[in-house]
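This report refers to the structure that appears directly beneath it.
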2 protein chains.
Amino acid sequence: MKEIAEKTGVSVSSVSLVLNGRDSGRVKPEIARRVRETAERLGYKPNPLARSLRTSHTRILGFVSEEIATTPFAGGIILGAQNAANAFGYMLITVNTDGEADEAKQIAALKRYGVDGFLYAKMSNRVTDIPRELSDYPTVLVDATDRAGRAPGITPDEQAIGYDATMRLVRAGCRRIAYVGCAKPLVAQTERFAGYRHALADAGLRFDESLAVDVMYHQPAQDAVDRLIGEQRPDGVFCWNDARALYVYQAALKLDLTVGRDLSVVGVDNHRLIAETVVPELTTVELPHYEMGYWAVCKAVTLIEGRKPAANRMARTSAPLPPLDGPDQVKVHCALIEKDSVADGKR
Amino acid sequence: MKEIAEKTGVSVSSVSLVLNGRDSGRVKPEIARRVRETAERLGYKPNPLARSLRTSHTRILGFVSEEIATTPFAGGIILGAQNAANAFGYMLITVNTDGEADEAKQIAALKRYGVDGFLYAKMSNRVTDIPRELSDYPTVLVDATDRAGRAPGITPDEQAIGYDATMRLVRAGCRRIAYVGCAKPLVAQTERFAGYRHALADAGLRFDESLAVDVMYHQPAQDAVDRLIGEQRPDGVFCWNDARALYVYQAALKLDLTVGRDLSVVGVDNHRLIAETVVPELTTVELPHYEMGYWAVCKAVTLIEGRKPAANRMARTSAPLPPLDGPDQVKVHCALIEKDSVADGKR
DNA sequence: GTGAAAGCGCTAACAA
DNA sequence: TTGTTAGCGCTTTCAC
């Protein structure tokens, strides 16, 4: 900056003013132009550290989660967050926490590095308490809901997921639609199940309890699904996630049923890998991880700067994001990706 | 710091000296003690930004990769890197790049934030050129090999993977051991295949070309594996990764063969999820993602500080890490995780 | 042994 | 409209 000032023949303050775009009505346009020119010519890039020492904001966001390393879908959230951060000239520092004590330590470290705000991600739509340490900083929840309802946050619209998936099966002509759920009382479980039941009701189908089964993993899960398919012979199955859909595929395989002909399946795409590599023909509901990460950063920037960021354009999809000036707890609708695991009109 | 100086009745310079541990023979021990005491009492934490403005190093490492979001195993590397960084008092800024232009941009941004060095990760052991922008910074490759052989890097010992896995099948009594590989010319493919052949040779088994098949994904892969298992009837299969192992499971299912009885399978655990949730009984070779991330950070710190970091202890496993003062291109041995997909003595 | 003072690169009062 | 000046929190000469 000093160099620019010298070469242009002005003072550093003018340079600062111009280069920060605060020059209108304060610096003569002609001078401003020349400053910008020399800055350009010298390839000047501001030193964000020095700047933040003065302004005490860093344009750094902390991304805190305890499951980055263990869940495969964290990547989408991070990528979305990263891209949004990029778009607004922010940097993201991502930390993976391991237990509450560690979490507090990591948050403290991030604070020392001067982050302006936090994203707090909890994967698979948990209801969660925000750590005390974050209460005095702008914080946005991702794929999680603040139990206290204070912090803004974004989650998938779980009920719509269940409704849409089930309705898709209804439209395909299924009459005995089973539900393979998750045996844990997650929001994603109760809400998707509720959506499933609503759809059944709207379609004039009776809810049959023996068509709904909640499972976890491994052999017990496979056995339960084998029984469901073998004994109840549903003509459509809505699966809580793709891993569970895979159990349905395996069950069908054993019973000599073909998915997409004898049986229609829709599953939520938790682990992209399964739905892409192992059962590419599965019709899935896509969880909007990328979009949630993107929205969360936009929201955080809004909180921090006290104004809505200029560009709220998604870099990846055309999926409509919830507006930033709406309510603070938003749910985002999830897209249904058609593949041929649904037997449209073949039955 | 000023406050500490005032309360202790010394100058800030002395405080600085003491708090940075450069006080031996420069500050009276008694004074030093009192300084430390007040610092403690006041809960003093240094401001890393201010410090780095002066010292021009930040204790921040940049982690650059273009596949963080898309590959499920990036998490392990990041976690290991994170933990090591933690142990040495470093912070990690992780960026996901998208194309070469973007990569350069992101690297420039990281440089402006004053990172002291870079980790450059390429997932699945690629031979790669290090971007020019990194050439003037300490840089360590992760799961990748520098084509020019200049930068230090760490990869799994691919050949040992193939050898160990195949030998495991030999020890279980298999005589017709098949290989389901990857149809891309990756290091991981050629080396694991070489290891497989060495093991066969060492076991006195003839290499039978019709027992080795390289596939990619989806139906074509499944079909190829179906043919392999159906027509060749191997009694053991070494799979390039777990997704391919799953094809073997599906093939076995159709042929009424049971893995772990009629057929032994060992696969490399690329996508933790598959081997844990879908085929938990698969005997796997574990890729040392965590360890590689950990080592890479240790190495980077060594490079930056010109000395070996004090603690080189792994936080997670007891797996021996390559020494930091050895050669710069290291390969790490991978553990074989026993599960009952191998029919020990049942045949 | 200790402290005063300069300065890292930048911003923001305030004065001119 | 522009320049001068005083710091942000810390490290590091250099005198004492």
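Letters go in sequence order (proteins before strands), and every chain restarts at 1.
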The first and last nucleotides of DNA chain D lying within contact of chain B, meaning any atom under 4.0 Å from one of its heavy atoms, run from D:dG9 to D:dT12
Are side-chain N/O atoms of B:Asn83 and B:Tyr290 paired as donor and acceptor at under 3.5 Å? yes
Using a 4.0 Å heavy-atom cut-off to protein, can you give one letter per nucleotide of nucleotides 9-16 of chain C, 5' to 3': B if the base is in contact, S if only the sugar-phosphate is, - if neither? BBBB----
Quick one: are A:Thr145 and A:Asn125 in side-chain contact, heavy atoms under 4.5 Å? yes
According to ring-ring contact (aromatic ring centres under 6.0 Å, His included), who are the partners of B:Phe63, at least two apart in sequence or on a separate chain? none
Using a strict 4.0 Å threshold on nitrogen-to-oxygen distance, state whether B:Glu37 and B:Arg33 make a salt bridge. yes
Please list all pairs passing the salt bridge (charged side-chain N to carboxylate O under 4.0 Å, His left out) test where one or both residues lie in residues 86-115 of chain B, with sequence neighbours left out. B:Lys111-B:Asp136
With side chains defined as the heavy atoms from C-beta onward, is the minimum distance between B:Val330 and B:Trp295 less than 4.5 Å? yes
Looking only at the side chains, is there a donor atom on one of A:Thr8 and A:Thr38 sitting less than 3.5 Å from an acceptor on the other? yes
Would you list the pairs meeting ring pair (Phe, Tyr, Trp, His ring centres under 6.0 Å) in which at least one residue belongs to residues 134-155 of chain A, sequence neighbours left out? A:Phe118-A:Tyr137
As a check of understanding: the bend across the helix from C:dG1-D:dC16 to C:dA16-D:dT1, end axes from five pairs, rounded to 10 degrees, works out to 50°
Between A:Leu61 and A:Ile304, is there a side-chain heavy-atom distance shorter than 4.5 Å? yes
Which value, rounded to the nearest 0.5 Å, describes the distance between A:Ser52 atom OG and A:Arg54 atom CZ? 12.0 Å
